[in-house]
Every structure is written in C-alpha cells, then in structure tokens.
Amino acid sequence: MAEQDPQSRDENNPELAGHSYDGIQEYDNPTPRWWELLFVGSILFSVVYTIWFHSPQKGRTIEKRYEANLAANMRLQFGEIGDLTADEATILKYMNDEEWLKVGASTFTTNCVSCHGREGEGLSGPNLTDEHYLNVKQIADIAKVVTEGAKNGAMPAWGNRLHPNEIVLVSSYVASLRGQNETGPRPAEGQIIAPWPVPNETNDKAPDDKNQQAFGTDTSVR
Ligand code: HEC
C-alpha cells in the first residue's frame with residue numbers, strides 16, 4: 001500500500017518507470033489520486049453543466065438574464081404610459097412630449113446612429129432630418145418601417161428587438177428630426193411629403209391627392 005502512495009515515496013530513491021528511450025529513463029511519479037479524481041470529476045461536471053446550461057429553460061445564460069432584467073426595467077419605466085399603439089395620434093403626442101422624447105432619443109442613439117448618423121443626417125441610411133422620404137408618406141409609416149424594416153433588411157426590422165413603446169417613442173423622435181436639415185454625406189432621397197399633421201387635427205389622416213400620386217408607385221414598405 002505504502003508504495004502506491006506517492007506521498008510516502010522515498011525521495012532519495014525514486015522508482016523508475018522501467019523503460020528507456022535513447023538512454024533516457026523516467027521516474028515513476030504518477031499524479032496523486034485526488035488530482036485524478038478532480039480531473040475526471042470536472043469532465044463529468046462539464047457534461048452535466050453543458051446540458052443544464054443549454055436546456056431551453058429561461059434565464060440560464062447571462063444574455064437571457066440580461067434580457068429578462070431589461071424587460072422588467074422596461075415594464076417599470078413604461079408603467080406610467082401603458083402600452084402605446086403605433087398610430088398617428090400617439091406618435092404625434094409623444095413627438096411633442098419633451099421628457100418621453102428623450103427616451104426615444106436614447107433608443108435612437110443606441111440602435112440607429114450607426115446608419116443614420118448621430119444627428120440623423122444619414123450615413124449608410126438616408127438622412128432623416130430633411131423633407132425627403134423614401135418609405136414614409138404619413139407619420140405612422142415611420143413606425144411601420146422601424147417595425148418591419150425596408151429594402152430587404154438594409155433597414156433592419158426592429159419589431160422583435162425593441163419594446164412596442166420604444167418603437168413609438170423612437171418614431172416620435174425620428175418625426176421630430178424632420179426639418180432640422182442636418183447636412184449628411186448623401187443627397188436627398190425620395191420625395192418631399194406633406195407636413196406632419198398638427199396634433200389636434202389627427203383625424204385628417206389622408207395625405208392630399210398630389211402626394212398620393214407621387215408616392216403611388218415606389219413607396220411600399222418592403
Ligand atoms: C444597418 C443600418 C441601419 C440601421 C441600424 C437603421 N437603419 Fe433605418 N434605414 C436604413 C436604410 C438603408 C434605409 C433606407 C431603406 C430604403 O432605401 O428603402 C433606412 C430607412 C429608414 C427610415 C425610412 C426613411 C425614409 O426615407 O423613408 C426610417 C424612418 C428609419 N430608417 C429609421 C430607423 C430607426 C428609428 C432606426 C433605429 C431603431 C434605424 N432606422 C436603424 C438603414 C438602417
């Protein structure tokens with residue numbers, strides 16, 4: 001028994017492994033039993049842990065936990081305004097609400113500036129501060145483009161990535177950029193559209209005929 005235990009091995013007279021390669025011999029120093037058990041144990045644990053970690057249960061990965069926390073925070077934040085509908089009246093309402101517009105602005109900063117520029121002046125995406133629009137005829141179309149994307153994903157769809165309220169608020173923010181006429185690297189794209197309605201006249205949804213004709217052909221949101 002004592003011979004098996006490396007701890008009690010006679011250090012001045014260690015055993016040889018019994019082979020010789022090119023005249024080189026090797027001491028027989030096996031790794032201690034506890035180390036082997038730890039090694040095998042950690043392999044077994046990794047199998048169990050991998051199955052547990054990737055099981056479809058919610059909240060296992062850091063990413064999922066972050067998403068759950070984010071959603072909870074969002075519910076808290078949006079408790080005050082409830083669930084918004086992405087219609088003309090709502091977008092106009094928050095376009096004129098300084099405080100909530102800041103939430104829309106921060107959504108824009110996080111998700112949109114990489115293509116539309118810090119001020120909305122346009123980069124790979126079109127300028128959002130001028131009077132020209134490619135996919136937008138009325139203010140509610142902004143939310144539609146944001147939700148569904150456009151041009152086969154060149155403009156990504158945000159419907160699954162943003163809270164519905166964020167979509168409304170970022171749409172309000174985008175609507176508020178109109179007329180700031182920031183100079184960007186791209187020429188004006190699309191057509192000039194009718195001005196946004198005044199908040200109290202939101203029933204008047206139809207753009208005038210001239211605009212409808214101008215946008216009848218190439219304005220479908222893809
Ligand atoms: C990966 C680049 C990219 C990102 C990120 C992006 N967009 Fe876009 N966006 C585009 C492109 C490209 C178009 C033009 C699509 C077309 O040509 O029809 C566009 C079009 C739009 C339009 C329509 C403009 C028009 O003239 O009709 C709106 C509104 C818009 N984006 C808002 C947003 C918002 C809000 C976000 C952030 C939540 C965002 N975009 C993020 C690339 C992007």
Side-chain angles (χ1 to χ4, degrees), residues 67 70-71 73-74 77-78 81 83-197 205-208 210-222:
E67 277 170 15
L70 200 68
N73 186 41
M74 203 68 87
Q77 199 184 355
F78 288 146
I81 51 177
D83 289 334
L84 302 180
T85 320
D87 57 13
E88 182 174 294
T90 315
I91 294 172
L92 278 173
K93 179 177 167 200
Y94 287 98
M95 192 183 125
N96 293 293
D97 184 317
E98 228 177 273
E99 285 308 308
W100 284 109
L101 211 53
K102 285 182 194 156
V103 178
S106 90
T107 303
F108 188 84
T109 306
T110 310
N111 301 295
C112 321
V113 296
S114 53
C115 297
H116 290 287
R118 190 144 287 279
E119 312 291 334
E121 74 277 13
L123 284 171
S124 60
N127 191 328
L128 298 173
T129 66
D130 58 13
E131 298 291 330
H132 291 74
Y133 291 88
L134 289 158
N135 304 284
V136 176
K137 284 180 275 183
Q138 324 171 16
I139 196 163
D141 295 340
I142 297 177
K144 192 164 184 250
V145 178
V146 174
T147 306
E148 297 172 5
K151 210 175 178 187
N152 293 323
M155 161 65 188
W158 297 91
N160 294 328
R161 287 192 260 177
L162 295 176
H163 186 283
N165 286 5
E166 283 184 293
I167 291 184
V168 172
L169 295 173
V170 80
S171 300
S172 297
Y173 178 72
V174 167
S176 78
L177 295 176
R178 181 176 182 183
Q180 309 210 339
N181 294 312
E182 303 285 347
T183 317
R186 301 165 72 97
E189 289 161 280
Q191 311 281 331
I192 297 177
I193 61 171
W196 305 143
K205 282 189 180 172
D208 60 51
K210 194 176 115 246
N211 274 310
Q212 241 163 8
Q213 267 166 13
F215 297 103
T217 48
D218 191 28
T219 51
S220 61
V221 175
R222 280 140 290 176

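Starting from 1, each residue takes its place in the sequence as its number. Counting starts at 1 for both ligands and their atoms, in listed order. Below, each value reflects all heavy atoms present in this structure, side chains not excepted, and no hydrogens, waters or symmetry copies.
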Checking side-chain contact (heavy atoms from CB on, under 4.5 Å) for the pair F108/V113: CA distance, chi angles, key distance, verdict?
CA-CA 6 Å; F108 188 84; V113 296; 3.9 Å; yes
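- In this structure, of G125, A175, P126, the residue bringing a heavy atom nearest to atom 13 (C) of ligand 1 is P126.
- Here is the list of ligand 1 atoms found below 4.0 Å of a heavy atom in V145: 22 (C), 23 (C).
- Among G104, C112, A188, G120, the residue whose heavy atom sits closest to atom 37 (C) of ligand 1 is C112.
- When I167, V168, V174, T107 are each tested for a side chain to side chain contact (heavy atoms under 4.5 Å, CB included) with V146, only one passes: I167.
- Using a 4.0 Å cut-off between heavy atoms, T107 makes no contact with ligand 1 at all.
- If you look at N135 next to ligand 1, the close heavy atoms, those under 4.0 Å, come from the backbone and the side chain alike.
- The NE2 atom of H116, atom 8 (Fe) of ligand 1 and the SD atom of M155 define an angle of 180° (nearest 10 degrees).
- Between L128, D130, V174, it is L128 that holds the heavy atom closest to atom 28 (C) of ligand 1.
- For R118, the CZ atom sits in a loose shell: 12 or fewer heavy atoms of surrounding residues, nucleotides or ligands are nearer than 6.0 Å.
- Counting heavy atoms under 4.0 Å from ligand 1, residue P156 touches it through the side chain alone.
- The N/O atoms of L134, backbone and side chain alike, include one that comes under 3.5 Å of an N/O atom in ligand 1.
- Annotation for ligand 1: atoms under 4.0 Å from non-hydrogen atoms of C115 are 1 (C), 2 (C), 3 (C), 4 (C), 5 (C), 42 (C), 43 (C).
- Near I142, meaning under 4.0 Å from any of its heavy atoms, are these atoms of ligand 1: 29 (C).
- At a 4.0 Å heavy-atom cut-off, ligand 1 touches V146 through the side chain alone.
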